[in-house]
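I have placed the structure first, in the form of C-alpha cells, so that the comments after it can refer back to it.
A quick note: this is a predicted structure, and the numbers were derived from the prediction, not measured.
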Amino acid sequence: MALGDLMASRLSQSSAALDEFGNEDGERSNARDLDTASSSYVGGGVADNAMTTTSMAYFPQTIVLCELRHDRFEDSVPSGPSDTGLVSKWRPRDRMKTGCVALVLCLNISVDPPDVIKISPCARMECWVDPFSMAPQKALETIGRTLNQQYERWQPRAKYKISLDPTVDEIKKLCTTCRKYAKSERVLFHYNGHGVPKPTANGEIWLFNKSYTQYIPLPISDLDSWLKTPSIYVFDCSAAGMIVNAFIELQDWTASGSSATSTRDSILLAACEAHETLPQSAEFPADVFTSCLTTPIKMALRWFCTRSLLHESLDYSLIDRIPGRQTDRKTLLGELNWIFTAVTDTIAWNVLPHDLFQRLFRQDLLVASLFRNFLLAERIMRSANCSPISYPMLPPTHQHHMWDAWDMAAEICLSQLPTLVEDPNAEFQPSPFFTEQLTAFEVWLDHGSKDKKPPEQLPIVLQVLLSQCHRFRALVLLGRFLDMGPWAVDLALSVGIFPYVLKLLQTTTPDLRQILVFIWTKILALDKSCQVDLVKDGGHTYFIRFLDSVEAYPEQRAMAAFVLAVIVDGHRRGQEACTEAGLIHVCLKHLQGSTPNEAQTEPLFLQWLCLCLGKLWEDFTEAQVLGLQADAPAIFAPLLSEPQPEVRAAATFALGTLLDVGFDSARDGVGGDEDCDDEEKVRTEVSIIKSLLSVASDGSPLVRVEVAVALARFAFGHNKHLKSVAAAYWKPQANSLLTSLPSFAVKSSGSGYTTPTHSISHGSRVPSPIAPLLRVGGDNQSISRDGRVSTSSPLATPGVIHGSPLSDDSSQLSDPGILNDAVTNGVVNHTRSRPLDNALYSQCVLAMCALAKDPSPRIAGLGRRVLSIIGIEQVVAKSVKSTGESTTVPNTGYAGLARSSSWFDMNGGHLPLTFRTPPVSPPRPSYLTGMRRVCSLEFRPHLMHSQDSGLADPLLGSTGSSGPSERSFLPQPTIYNWSCGHFSKPLLTAADDSEEMVARREEKEKLALDLIAKCQHSSVSKLHNQIASWDTKFEIGTKTALLQPFSPIVIAADESERIRVWNYEEATLLNSFDNHSYPDKGISKLCLVNELDESLLLVASSDGNIRIWKDYTVRGRQRLVSAFSSIQGHRPGVRSVNAVVDWQQQSGYLFSSEVSSIMAWDLDKEQLVNTIPTSSDCSISALSASQVHAGHFAAGFVDGCVKLFDIRMPELLVCASRPHTQRVERVVGIGFQPGLEPAKIVSASQAGDIQFLDMRNLKEAYLTIDAHRGSLTALAVHRHAPLIASGSAKQLIKVFNLEGEQLGTIRYLSTFMAQKIGSVRCLTFHPYQVLLAAGAADSCVSIYADEIAPTR
C-alpha cells in the first residue's frame, strides 16, 4: 500500500473516530438535538424506549479545549526543529578522504627470514600471485602492481607509491613525500613483512640494508613522526600485535607528555596478535589478511566454498570466473558485492558504539571499505586460530548471526554460477536477500518500539535505496520507522540515510514524491540544519513543485509547506532561492483558492502556507515587497476568521512579518523620490494593522500572542509616533515628577470592570484623555452630540470615555496641529509627517493596553513588553483594598501622573501603569535613580510570575533610539515553533489512548444513566439531611460553588477569586489556588467543561474574563488551559455590569452577557461566533443555557423580564415574557425545567417570587410561588429530578417540586449547637444525584441529601 494511501486512510480513520467521539463539526449534534426536542417527556419517568433518546440528549458528544495547543501553553515557549545539540551528532564531523597510499612490500622472495619455520605444503600466494612461478624480481614487481590494482578498486583517486624491499632511508623519503602530497588528507601505509623477521617487542619493523645482507629495524615512533596524522596503517606480518601495543604506548606517552596536542587521528589494522603467527595452511594465500582487506568477495567465496554443500560442484577456478562487474548490481558479482556491503555494514552498526561507527564507517570511503573487509578477515582468520586486531579496538563480530544470512545469499548466488559460466546469455536471478531483510524490518515495525532493541536491518534499508526495484517499498517502510518519533529519525540519520534521500530528490518518479516529502518532513522536524544541504542541492524546487501539485492530498502538501518553511527559517540563502523559485506566488495562489470552498481546504495546509510565507518574509525585505505587490494583506484578511485557531494564528504571524520593523528609523530624512513608495507602504501598513486589530481580542491565546508580537514590531517601527500619541495624554505640571514617587499609581474602582463613566460618576477628578484622541483621528470616528463615541473597530472599545469634562490642558491637545508639536516633553520631535492617522495609532495603543491586561499571564507579559517599547511602563503596586469608589487624587502635585495611569485604568484596567517621560527640568539627584528615559524599554517584573517578566532588563542601560540591540529584544512569535511539534509526533498511527478514553466515557455514561433514572423516579420529601459541612475559610463568604458529577468533590470560590476544592466524603481539602493575581477581583460563575471526560474547570470573572483550568483537583498542579476576555472590546463607551456567563456542553458554546447583547463563543473554535442583541435597555442579571437542547438559553433581566433564545434560529429570540409583575426587581436566578421540553423555564426574582413559565405556549407564568419576601438571593433547578431550591438572605433555603409544593426548609446547621445557616449566597444541585450544595456569607458550604443518604 502506498504511503500516501496509507496516510489518507489513517487520517480518514482518525477523523471518523473524532466524529464518532468528539463531534468536531457540531452540525450533526444540532440535528440530533432537534429530533430529541420533539420527543415527549411524560410526568417524571422515562419509558425504556425513550432511554436511547434521553442518553443522546443528555450526553453531549462535543469535547473542547483538549487539542495539542492547550497542553502547557502557559508553561513554556516551544522550540522548533533544532540545528544543534543531540540532532547534529549524526553528521560526520569532518568528511575525509585518503589522498595517498604507500605500499611497502618486504618479501625478499626465495630467502626465508630466520625466525620462520615453514610447513609443507605451505601458503605461498601473495596478491593471488605465486611468487615462485617467475623470476624473484619480476614476481616482486608483479605482486606490487597487483596490490596497487586491488587497492585502486576501493579508492581510485588516491596517489599510489610502491616501495619494494626498501631500506630505512627509502621509507623515510616515501613517508615524507606522501605526507607532502596528501597535505591534511589521510595517508595509508601498507606493510607486508613476510620476508623479514617478526616485529620486536619494542615495536620495530624490519627493513633491509642496501646490499640485502642485513635486516634493519625501524621504530614505529620514527614511522609515525614521518607519516604524521591523519593516517591508517595496515600491518600484514606475524606478531603484528607487537606494533599495535607499541603504538598505543607511544600514544599514551605523547598524550601524557603534552596536554596541548590534540589526539592523533591514527588507525591501525594488524593481521594477528602479538603472540601469533600467520596461518600457513595451503587453503589460504600467504597474505590472507591483505586478501580479505582488498579482495573480500573472492576470499569469502573461496573460504565458504570448502564449507558449503556445493563444494563438490564448484572449484576455485569457477570463483575466479564470476561474471559481471563489482559496481553493476544487476550482475552476479555486483549483487554479491552489494549483499556483502550490506551485511558487514549491518554487523558494524549493530555492534559498534555510535561514535566509533561514525568515525570508521562513515567518515572516509577507503577506511570504511577496509573496516568492512576487516570484519571478514576476523571471521576467516579466527577459523585458523589467528585474531586480527585493530586500533581503535572493535568488539568481536565473527559469530554475528548476519554472517549466516551472507552464507545463504552466497550459496544461492553460487548455485547459479556453473550455468552462468557455461551460457553467457543465461539470465541471472537476483537473490531474495533484500526482499527478506525488508520483510524482517516490516515485522519489527509491527512489534517494535522505542524501548525495544532498534531494528538491525536499518543499514540494509539504506543499501536497498540504491536499487530501483526495492526502492519504493524501502522508502515506505523507512517512512513508517521515522514516524515512530525523533529517536527513530536520529537512528536513521546516524546510519547514514541523509545523502541517499538527498540524492533521491533529483529523481522524477511520481510514485516516490509523497513518501519522499513525508521522509523529509520527519528529518526536518528533528534537524533544521539540513536546510543548507537542501538549498545547496536545489532540493527546494522539488518541494515547491509538490506544493503546487493539485493531485496530492492537502495533508501531504502541508508537509511540503512545512519543509519549505524550515528551509527558509532564518536562512537567507534559502529565502533567496525560494523567492527566485516563485514560492510566494504558489502559496498565495493556494491561499486565495481556499476561501470559496472552505469545506475542501485542510486547515493544516492553510496553516502551513501561512507559516511558510511568514518565515519567507521574516526580516527579508525583497520578499516582503513581492508579497505586498501581490496584495498579500488582502488575501490573508479572510483567513483571520477561519474556524481553526492555528490557521488564524499562522495568518496573524504572516501579516506581522510583513510589517517592516525599521519603518521610520530607516526612512527618516530620505529624499522625495521615496514619497510615492511611502504612500503605498502606508496604505498597506494601515490594512495590515486593521486586520491585526480585528483579532486582538480573539478567543485563542495562540492568536493573541501573535498579535502582541506583530504589534511589538509595529511599535518598534513607529516608535516616535506611538510615543507621541501615548504621551499626549499626559502633559505634566512642572513639578509633578519631582514631588511624586516614581511608583505612585492610581488604583481604580474594585468593581472589576472599571470604565470612565464609573469613575467620573463617583466624582473622581481624573480627566478624560480619550475624547481628544478620538477627535484628532476624526476621519474614521464619529462623535455623537452627547459625546458618546461610536466606532466600527472592535478595538477602540474597551471603555472609551463619554461625557467627561475636559480639563484645560487636555483640551489644548484636541487640535491635530497642536498634537504634533505639543509633545516636547522629552520625546524627540520629528520633522516628517506622521505616516498613519492618529485614530489608528490610538486604537493600537488601546489594543496594546488590552493585551497587557490579558487573562493569560504569558500574553499579559508580552503586552507589557509592547507597552514598554512605546514608553508606558508598568509600576509594581500592591493591590489596594477599594471601597467601590475610585480613589480620588488628593494632591494637585500628583494630578499629571494620576492622569497617565488612570487613562490606562479607565480602559478596563487591572494593572496600575504610568508613563515615564523624562522631566522638563533636571530632577533632584535623589530621584535620578528612580527614572529612566522613555526609550529605555524598561519594564519591571509584575506581581504575577509570568514567563516574560524581566526580559528587557539588559536594556535598562541603553537609552539610545531604536537600535539593533533593542530590536533583538522584540518578543518572538511562537506559532511556528509550536506548529512544528505536530510533525515530530506520529502521523500514521492513531493515538493509543483514544480507546481507553472511549471506554472511560462509556462507563461514566452508564453510571449517569442509572443515576438519571433514579432522579426522575425519585419522590423527594425534604432534602434537609446535611451530609457534609465545610468551612472554606473564605473571609468574605462563598460566592459560587459546583459539585463534580463522578467524584465526591465540591469546588467553591469567593469574591476575591480564590478557588478551593474539597472532598466531602473524606473531608479533605484537595487544592486551593488564585484564579489570577490582578488587583480587580470578582467571580461570576464556575462551570465544568467536558464533564463526561477529563473535566476542565471554567472560571468566569465578573469582568468577563474566562480562565479554564486543568488538573485543578491536585494540589499545586493546576494548569491554565486557555484564557480570554468574553466581553471586553465588543461595545464601546458603556460600563459593563458584572458579566453573566453560562456554558453549554451540547453546542460547545459559552454565553456571556454584556449590557445590550449576549456573546456566543464557540470554545472548540475559540472564536466569537455570534453577538445576539437582547433588544433591551436593561442589563442581564441571570443567564442559563439548556443542558439538553443545544443552542437554547434563557436570560433574565434587571427589570424582571425573561427571554428565551435559540442560537440556531435566524431570528435568535424565541419569545419574551415579563412574569415578575407584582414588584419589579431583578431576576436573580433562571433555569430550564428538567425533562426534554425546550421552553419550560423557572425564573426567580429578588422580590422573592418564583415563576414557572412555558415560554412557547403561554406568555404568563402558569404557576407562581411566593417563596421569600424581598430577599431571594439564589435559585437552583435540578437537571433531571423534579426539584428546585431557593435561598434567602434571611438565612433559609426552601425546596419545592415542579408542582409548586414546598418539600422542606433548611434553617439550621446540623451541629451540636444547631446554629442558623448564614445568609445564602449560592445554591447548586448535583447533575445526576439528589444532592444540594449551599454556600453562605459566613464561608460555610453545606451539602444536603434526602433523608436516606444518596447512593454513589
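- For Thr200 and Asn202, the side-chain atoms include no donor-acceptor pair closer than 3.5 Å.
- Expressed to the nearest 0.5 Å, how far CG of Leu491 lies from CG of Leu482 amounts to 10.0 Å.
- From Ile232, atom CD1 reaches atom CE of Met96 across 11.5 Å, with rounding to the nearest 0.5 Å.
- Within the model, atoms CD1 of Ile322 and CG of Leu414 stand 6.0 Å from one another, a figure rounded to the nearest 0.5 Å.
- Atom CD of Glu249 is separated from atom OG1 of Thr254 by 11.0 Å, given to the nearest 0.5 angstrom.
- Expressed to the nearest 0.5 Å, how far CD1 of Ile220 lies from CG of Leu250 amounts to 8.0 Å.
- Looking at Lys161 and Leu103, their side chains never come closer than 4.5 Å, going by heavy atoms from C-beta outward.
- The shortest heavy-atom contact between Leu105 and Gly144 is CD1-CA, 3.5 Å.
- Checking side-chain atoms of Glu273 against main-chain N and O of Ser387 turns up no donor-acceptor pair under 3.5 Å.
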Show your working on salt bridge (charged side-chain N to carboxylate O under 4.0 Å, His left out) between Glu335 and Arg329 and close with a plain yes or no.
-> CA-CA 5 Å; Glu335 171 114 343; Arg329 287 187 295 274; over 6 Å; no
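- A heavy-atom distance below 4.5 Å is not found between the side chains of Val111 and Tyr212.
- Looking only at side-chain heavy atoms (C-beta outward), Phe374 and Cys292 stay at 4.5 Å or farther from each other.
- At most 12 non-hydrogen atoms from other residues, nucleotides or ligands lie less than 6.0 angstrom from CZ of Arg325.
- Listed here is the closest heavy atom pair of Met381 and Pro279: CE-CD, 4.3 Å.
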How far apart are the C-alpha atoms of Val244 and Tyr233, what are their side-chain angles, what is the distance that settles it, and do they pass the side-chain contact (heavy atoms from CB on, under 4.5 Å) test?
-> CA-CA 10 Å; Val244 178; Tyr233 298 91; over 6 Å; no
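- Residue Leu365 qualifies as open at atom CG: its count of foreign heavy atoms under 6.0 Å is 12 or below.
- Side-chain contact between Ile143 and Ile109 is present, with heavy atoms from C-beta onward closer than 4.5 Å.
- The environment of Ile117 atom CD1 is sparse: at most 12 non-hydrogen atoms of other residues, nucleotides or ligands sit within 6.0 angstrom.
- For the residue pair Trp128/Thr295, the side-chain donor-acceptor check at 3.5 Å is satisfied.
- Using the six-membered ring where Trp is involved, Phe481 and Trp444 have ring planes that are perpendicular, over 60° apart on the 30 and 60° scheme.
- In this structure, the side chain of Trp206 does not engage the main chain of Gly193 through any donor-acceptor pair within 3.5 Å.
- For Phe361, the ring pair (Phe, Tyr, Trp, His ring centres under 6.0 Å) criterion is met by Phe357, not counting sequence neighbours.
- Under 4.0 Å is where a charged nitrogen must lie from a carboxylate oxygen, and between Glu283 and Arg307 at least one such pair does.
- Between Phe235 and Phe289 there is no side-chain heavy-atom pair separated by less than 4.5 Å.
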Check step by step if side-chain contact (heavy atoms from CB on, under 4.5 Å) holds for Ser231 and Ile267.
-> CA-CA 6 Å; Ser231 54; Ile267 296 169; over 6 Å; no
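- Using a 3.5 Å distance cut-off with no hydrogens or angles, the side chains of Thr397 and Glu378 do pair a donor with an acceptor.
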Show the numbers, then the answer: is there a ring-ring contact (aromatic ring centres under 6.0 Å, His included) between Tyr500 and Phe498?
-> CA-CA 5 Å; Tyr500 292 73; Phe498 185 76; over 10 Å; no
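- Considering only heavy atoms from C-beta on, Glu276 stays 4.5 Å or farther from Ser238 through its side chain.
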Kindly determine whether Tyr191 and Ile205 satisfy side-chain contact (heavy atoms from CB on, under 4.5 Å), including the steps that lead there.
-> CA-CA 9 Å; Tyr191 172 78; Ile205 56 172; 3.8 Å; yes
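- His400 and Glu456 form no side-chain donor-acceptor contact under 3.5 Å, judged by distance and modelled atom types alone.
- When side chains are defined from C-beta on, Phe304 does not count as touching Trp406, because their heavy atoms never get closer than 4.5 Å.
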Worked verdict on Leu269 versus Val234 for side-chain contact (heavy atoms from CB on, under 4.5 Å) = CA-CA 5 Å; Leu269 296 173; Val234 176; 4.3 Å; yes
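- Side-chain atoms of Ser120 do not come within 3.5 Å of backbone N or O of Cys122 as any donor-acceptor pair.
- Counting only distance, with no hydrogens or angles, the side chain of Asn373 and the backbone of Pro296 share no donor-acceptor pair below 3.5 Å.
- Checking Thr294, Val101, Thr290 one by one against His190, the side-chain contact (heavy atoms from CB on, under 4.5 Å) holds for a single residue, Thr290.
- Of all non-hydrogen atoms in Gly324 and Leu333, the two that sit nearest each other are O-CD2, 3.6 Å.
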Full working for ring-ring contact (aromatic ring centres under 6.0 Å, His included) between Trp338 and Phe434 | CA-CA 10 Å; Trp338 188 26; Phe434 288 107; 4.0 Å; yes
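- Here Leu188 contributes atom CG and Leu227 contributes atom CG; the two are 9.0 Å apart, rounded to the nearest 0.5 Å.
- Between Ala488 and Met484, the shortest heavy-atom contact is CB-CB, 4.3 Å.
- Nearest approach of Pro114 to Tyr215, heavy atoms of both residues: CD-CE1, 3.6 Å.
- Here the shortest heavy-atom pairing between Asn209 and Ile216 reads N-CG1, 3.7 Å.
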Would Ser529 and Asp527 satisfy side chain to side chain donor-acceptor pair (under 3.5 Å), going step by step from the backbone distance to the final call?
-> CA-CA 6 Å; Ser529 68; Asp527 190 351; 2.8 Å; yes
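- Among residue pairs with one or both ends in residues 359-372, those qualifying as salt bridge (charged side-chain N to carboxylate O under 4.0 Å, His left out) are Arg186-Asp364, Asp265-Arg359, Asp345-Arg362, Asp345-Arg372; sequence neighbours excluded.
- Counting only residues at least two apart or in different chains, salt bridge (charged side-chain N to carboxylate O under 4.0 Å, His left out) contacts with residues 126-151 comprise Arg124-Asp130.
- Residues Cys106 and Val104 form a side-chain contact, since some pair of their non-hydrogen atoms from C-beta on lies under 4.5 Å apart.
- Checked by atom type and distance alone, the side chain of Asn108 never pairs as donor or acceptor with a backbone atom of Asp165 at under 3.5 Å.
- Inspection of the Asp236 and His194 side chains reveals an N or O donor paired with an N or O acceptor under 3.5 Å.
- Checked by atom type, the side-chain pair Ser211/Thr213 shows a donor-acceptor distance below 3.5 Å.
- Counting only distance, with no hydrogens or angles, the side chain of Asp224 and the backbone of Phe247 share no donor-acceptor pair below 3.5 Å.
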